[in-house]
Amino acid sequence: MYRSKKIAIVSAVLLVLLSFGCNKSPQLEPPVALKSVTLTPKNQAVSYRFDCTLSDTKVTNEADPIPDYIAEEELTQSRLYAETTVGLGIEAYYNGTKITKEGVVVDASKEIPIEVRGYGKERTYTIQPVRTSEPPAEGTVSLISSDMRKMGIADYITDFTVTLYKDHFYCFATGVNNGVAEYELYTSDNGVKWERVEYQPHELGAIGGIGSRAVVKSDRLFVLGGARTEAPDRWGVPEESMWGAYPDISAWRSFSTTDGVTFECDTVGLTTPWEEDWGVMFNPSLPDPCTFINTLAQDGKIYLKSNYGMIMMQLQGAGDFMVTEDGKHWESLPSMHDATDRLQDAFFAFRGKLWTAGGFFNFIGSKDTGLESVYSTSDGGQTWVKETDQGGFGKMWGMTPFCTDDTAYMIGGEMLQDGLRVLSDKLYKSTDGKSWTEVDTGTKYTARRSPQVVVKDGYAYIFGGYTTTSTHHYGFDLKTSMNFETYILKL
């Protein structure tokens, strides 16, 4: 009797459980809905996000509007990506075509119908693209290109330098393609779309290298320094090495142009004689072979303050301080340790003076490495004056300075926190060169060190930099690839 009652109770429990298992109540099904929509106009490297809610089938991008400078024809061939709620068989469709992870091409100049299907249900959304003619707010950093290599620059490029020349952006880029080192030139009208330029003459060979820097003096564009250590180039010149085992930088490099296409080598035709030391030819009127130089042009002169060369078979910093008027013959300027021997400092020209802020001496240690002091010179580097011990930006290096007529800025950098290297996402500004205050840049800027910055038409264009902390004692190395984002800052 007891056994039969126990079996009956168990059977009743099983029936209840089975009845629950067979009850396909709508309340237990996931909602059939859109979670997010992103839209990428043709030839653009930035996507715009549309906000989706369960309660509204009209979806807009009011929080992330599409700028008016995006051409109509680019909008009409946009690529749309859709993410749905998670559930068995829930999928999104556009005009009856399933939207895969590769997205679907749509006309974003008008409303876009999207249908979500699943669990025998359908829900139709209306995507309403919003455009804006409003420029970014002053001091706000906005992303305008998520990857320069999707906008005309080759995908094998790992290092570049950018400058403004005759109202165009010039990018000298380096990378290895199928075992061949490429040294390439790209130009852009808007800092987003890039076009490769075949520089001349072909007999000149490669221009630039890893860590080279572009600078403009008067109407002439110079490309200075650079390492060629990765592979033979397309002209058949082998990579530079020491005894075939260690990377080396064997020559000072300087190339210049007055038309942006035809270049000449500035180390040819020197009036000072070449000399030999331990079997190596050098010219006393040239800087040592180097890369990652800190350089600027001011009052018809080009200044070189600190650089990196191969010392004891590794890349190390040097506090060289030199100047040239013709781009060919350089002369050394007086050394003042506290000002001229800094590495990765913010070196800039502002209000008729040259300035140095932050940086570090010798190498990056585990504590008390960075500098916060600021020095200036009003006589072209002959003498320096300490402006302050504390500039207000912290002990930092790897900042990139840029200036308008009345305000100096610096962005990015690296510092130590609790003995660890961390990157800065800060923007600082100063009206006197010595006292700096932080500017709120918004939420879209990613921390980095040593970005490239170009000022054009009231905006700062911020290219690349490194979004990983440095790992070597001297900050730079020849292997780390740069980031390829582009931001814009209204000044």
Shortest non-hydrogen contact from [X] to [Y]?
X: Asp64; Y: Tyr48; value: OD2-CA, 3.4 Å
X: Tyr466; Y: Asp159; value: OH-OD2, 3.9 Å
X: Arg213; Y: Phe476; value: NH2-CZ, 4.4 Å
X: Pro273; Y: Pro284; value: O-CD, 3.6 Å
X: Ser212; Y: Thr161; value: O-CB, 3.3 Å
X: Thr262; Y: Thr257; value: O-OG1, 2.7 Å

Parallel, tilted or perpendicular: rings of [Y] and [X] (30°, 60°):
X: His202; Y: Trp235; answer: tilted
X: Phe350; Y: Phe348; answer: tilted
X: Phe321; Y: Phe347; answer: perpendicular

Quick note, salt bridge (charged side-chain N to carboxylate O under 4.0 Å, His left out) partners involving residues 464-482, not counting sequence neighbours, are Glu230-Lys479
Mind jotting down which residue pairs meet the salt bridge (charged side-chain N to carboxylate O under 4.0 Å, His left out) criterion with at least one end in residues 445-460? Sequence neighbours excluded, please.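 Pairs touching residues 445-460 that pass the test: Asp167-Lys456, Arg448-Glu485.
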Salt-bridge criterion met for Glu331 and Lys301 (N-O under 4.0 Å):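 No, no charged N to carboxylate O under 4.0 Å.
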Where the side chain of Arg220 meets the backbone of Val216, is there a donor-acceptor pair that is under 3.5 Å apart?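 No.
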Determine yes or no for a side-chain-to-main-chain donor-acceptor pair under 3.5 angstrom, with Tyr308 supplying the side chain and Tyr474 the backbone. yes
In sequence, state the C-alpha distance, the side-chain angles, and the governing distance for Asp345 and Thr356, and then conclude on side chain to side chain donor-acceptor pair (under 3.5 Å). CA-CA 6 Å; Asp345 55 319; Thr356 175; 2.5 Å; yes
Please determine whether side chain to side chain donor-acceptor pair (under 3.5 Å) holds for the pair Thr469 and Glu414, giving the CA-CA distance in whole Å, both sets of side-chain angles, and the decisive distance to 0.1 Å. CA-CA 7 Å; Thr469 56; Glu414 188 176 51; 4.6 Å; no
Does a side chain donor of either Ser285 or Thr272 reach within less than 3.5 Å of an acceptor in the other side chain? yes
For the residue pair Asp248 and Ser250, confirm or rule out a side-chain donor-acceptor distance under 3.5 Å. no
Is the cationic atom of Lys386 (NZ for Lys, CZ for Arg) positioned less than 6.0 Å from the six-membered ring centroid of Tyr375 and within 45 degrees of its normal? no
